[in-house]
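Below: one structure, written as structure tokens.
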2 protein chains.
Amino acid sequence: MAREAGVSVATASRALARYGYVKEETREKVLAAAKKLNYQYNVVAKNLRTSKTTTIGYLLPDITNPFYSRIVRGIQDVAFEEEYNVIICNNDNDIIKTERFVKMLLRHRVEGIIYSTPYNQVLNDMCDTFKKQEIPVINCYGSTRLCASDVVTGDAEKGCYQAARHLLELGHRRIAILRVKESGVSNRRFEGCRKALEDFGVEIDPRFLVDAEDFSQESGYLQAKILFSSPQKPTALIAFSEQLAIGVLKAAREDGIKVPEDLSLVGVDDIIAELLEPPLTSVVIPTYEAGRAAASLLFSRIKEENSSPPREVVLEEKLVVRKSTRGRV
Amino acid sequence: MAREAGVSVATASRALARYGYVKEETREKVLAAAKKLNYQYNVVAKNLRTSKTTTIGYLLPDITNPFYSRIVRGIQDVAFEEEYNVIICNNDNDIIKTERFVKMLLRHRVEGIIYSTPYNQVLNDMCDTFKKQEIPVINCYGSTRLCASDVVTGDAEKGCYQAARHLLELGHRRIAILRVKESGVSNRRFEGCRKALEDFGVEIDPRFLVDAEDFSQESGYLQAKILFSSPQKPTALIAFSEQLAIGVLKAAREDGIKVPEDLSLVGVDDIIAELLEPPLTSVVIPTYEAGRAAASLLFSRIKEENSSPPREVVLEEKLVVRKSTRGRV
DNA sequence: GTGAAAGCGCTAACAG
DNA sequence: CTGTTAGCGCTTTCAC
């Protein structure tokens, strides 16, 4: 390579990487030769030599889901600044795939991992393995049951507190809450709603407390159908995901319930909320920032020697008021 | 490493990689030792030694855009099967970023590139560089002005031919077409519409031929507003992207034009079409399959020695009829 | 069948 | 300030 420039490999290396002492003159000579030969620095060789791969892994369910693709973008942006590479692993919440990915990441000697996936046994073992090898693991809106080094989440309680308060301030008292069974986030969101209702001295009507199977549109539709067919109808509804809210919207349309005239509706996630009809009032989760935060945490851990205690970044979740909510007349 | 298992590195390598001749007995010994020591195969070392990086690059505008995130997923899925790694490069259509990414990909010695970006000068130079180094470049729904090895596109003409025919069969004759200036895809889509109209012996009314600045919602809204304010109104409209269609939908709502009663609307892309109100009749672009196809082309090029002539994969684009179109009464 | 040895392209002591 | 040298962990001839 550029040793054809009249110097040794070592000097060339120093000149290119601009470390150590190199006379300006020889430095220029090296640079000139590099350009002339169209030299391309070989990252692979450097990786092997330094046993730093400048690569991290990201485990997620599916990048096709906009919630995650925004996190990905956040991670990628800071990784790019740090000249790191990120290996994206879509596990589709599948154990087999997860296992294959984890092995792959190990073989690739990633320096750190971020995950946004729900709990599973393989992941749990993975965390142990990584911890043993002192590879930092960051939880970004993923399962809290795994032993991550650091975690970034949203202030789910606050966001939903705001959502509930918004409805209460509009005069609503019969507020239905569409939660999700066995979900940590759902529980925290509910806690926010509960507090708001308490602060306003409003009792929760158990008939308006609905538990869906999951966060999907279908579940939302199903539960809304049931709810709307009962004699006692709510005047407002908070759904704990955007998909759930869309399901509710569909059911409402079918049953001739007008939003917001007959029912004020609030969602969570804010992916396409603005494009819906009516534009959906909803709690926005700062996913892009979450990705950035997770990556920042990871890199700071990769850089520091001493293992500091676990940190937690809690991102603010805010309510955005659009046209799906209005005052009780 | 596992040479603690009593054999030489060479034998261990052979045993692990299952090539060459290795006695079954020693092979088992190696495997056992590997398991015992929790041996992890080092991909980086292998990459350096074989100067094959099992890594490809993907250049796209922004992964946050669902159109691209689906292509990404397609690419990743086949890359994973091939045990390849993909470096995702969000260039935001920015020249500076593109340049940095290209250099990075070169330093990482990627074995191939896929791009889905519009034309720019840096990209053009990049293609030359890669071609010189015999690194295959695949165009997946990106600019055709670059000298890619192979290309995957959609049969834009056919999809839009179907769209126009659908409207014509419903009895529409005053059909507006919302195109995009200086866009190759837009031109091809228009060609499809034109043919359908011709086949039905319908003249194109130049007043209903609208050229937007780009594929964005804002542009759609803007042009629709202008169109709706003119005395001559169309009874149907084809918008060449989903975002454009959403813009039209917003404008229609504001101007009291009911879809589909007063205006039948067709979009292209089919990302959230189903979730809109009314659910949008639209041409679906098989983005996930496009990603898979692009990756398959790339890998077949990486594998084969002789450089075969450029290939082109044309994916079928189909119309999905929903509720935003109806017959002329 | 298996081992010895070279070398992928780089960095990091260590000498000079 | 610069050159020599060793070696990261693997694959791959070439001997034995």
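Quick note on labels: first sequence line is chain A, next is B, and so on, each numbered from 1. Because only heavy atoms are used, hydrogens play no part in the values below, and waters and symmetry mates are left out as well, while side chains stay in.
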*If you pin B/Ala10 and B/Val44 to their nearest nucleotides in DNA chain D, which one's is more 5'?*
B/Val44

_Pair of N/O donor and acceptor under 3.5 Å linking D/dG3 base with A/Arg14 side chain_ = yes

*Contacts of B/Tyr84 that satisfy ring pair (Phe, Tyr, Trp, His ring centres under 6.0 Å) - sequence neighbours left out*: B/Phe299

*Partners meeting side-chain hydrogen bond (donor to acceptor under 3.5 Å, both in side chains) with B/Thr98 (sequence neighbours left out)*: B/Asn91

Which side-chain N or O atoms in residues 128-137 of chain A pair as donor and acceptor under 3.5 Å with protein atoms at least two apart or in another chain?
unit_1, atom_1, unit_2, atom_2, d
A/Thr129, OG1, A/Asp125, O, 2.9

*How close or far is atom P of C/dT2 from atom CZ of B/Arg27, stated in whole angstroms?*
12 Å

_Ignoring hydrogens and geometry beyond distance, is a side-chain donor-acceptor pair present between A/Thr153 and A/Arg188 at under 3.5 Å?_
no

_Note: A/Asp92-B/Arg73 ion pair, threshold 4.0 Å (strictly below)_ = yes

Could you list all N or O pairs between the protein and nucleotides 6-8 of chain D that sit under 3.5 Å apart?
unit_1, atom_1, unit_2, atom_2, d
D/dG7, N2, A/Arg49, NE, 3.4
D/dG7, N2, A/Arg49, NH1, 3.0
D/dC8, O2, A/Arg49, N, 3.2

*Rounded distance in Å - CG (A/Asn47) to P (C/dA12)*: 12 Å

*To the nearest Å, how far apart are A/Lys46 NZ and D/dG9 C1'?*
16 Å

*Please round to 10 degrees the angle between the axis of the first five pairs and the axis of the last five pairs in the helix from C/dG1-D/dC16 to C/dG16-D/dC1.*
40°

*Given D/dC10, D/dT2, C/dT11, which nucleotide is nearest the side-chain atoms of A/Ser13?*
C/dT11

_Atom pair distance, as rounded to whole Å: OH in A/Tyr39 and C1' in C/dC10_ = 8 Å

*Expected output: side-chain B/Tyr141 to main-chain B/Gly154 donor-acceptor under 3.5 Å*: yes

*Partners passing side-chain hydrogen bond (donor to acceptor under 3.5 Å, both in side chains) against B/Glu82 (at least two apart in sequence or in another chain)*: B/Lys303

*How long is the line joining NZ of A/Lys52 and P of C/dT11, in whole Å?*
12 Å

_Side-chain H-bond candidate by donor/acceptor type, B/Tyr288 with B/Asp77, under 3.5 Å_ = yes

_Applying the side chain to side chain contact (heavy atoms under 4.5 Å, CB included) criterion to A/Arg311, which one of A/Val151, A/Asp150, A/Ile138, A/Val152 satisfies it?_
A/Asp150

*Could you check A/Val43 against B/Glu24 and say which one's nearest nucleotide on DNA chain C is further toward the 5' end?*
B/Glu24

*Let me know the distance between CZ of A/Arg107 and P of D/dC10, rounded to the nearest Å.*
12 Å

_If you only use heavy atoms from C-beta on, which nucleotide in D/dT2, D/dT11, C/dT11 is closest to the side chain of A/Lys23?_
D/dT2

_Spacing between A/Leu16 atom CG and D/dT2 atom P, to the nearest angstrom_ = 14 Å

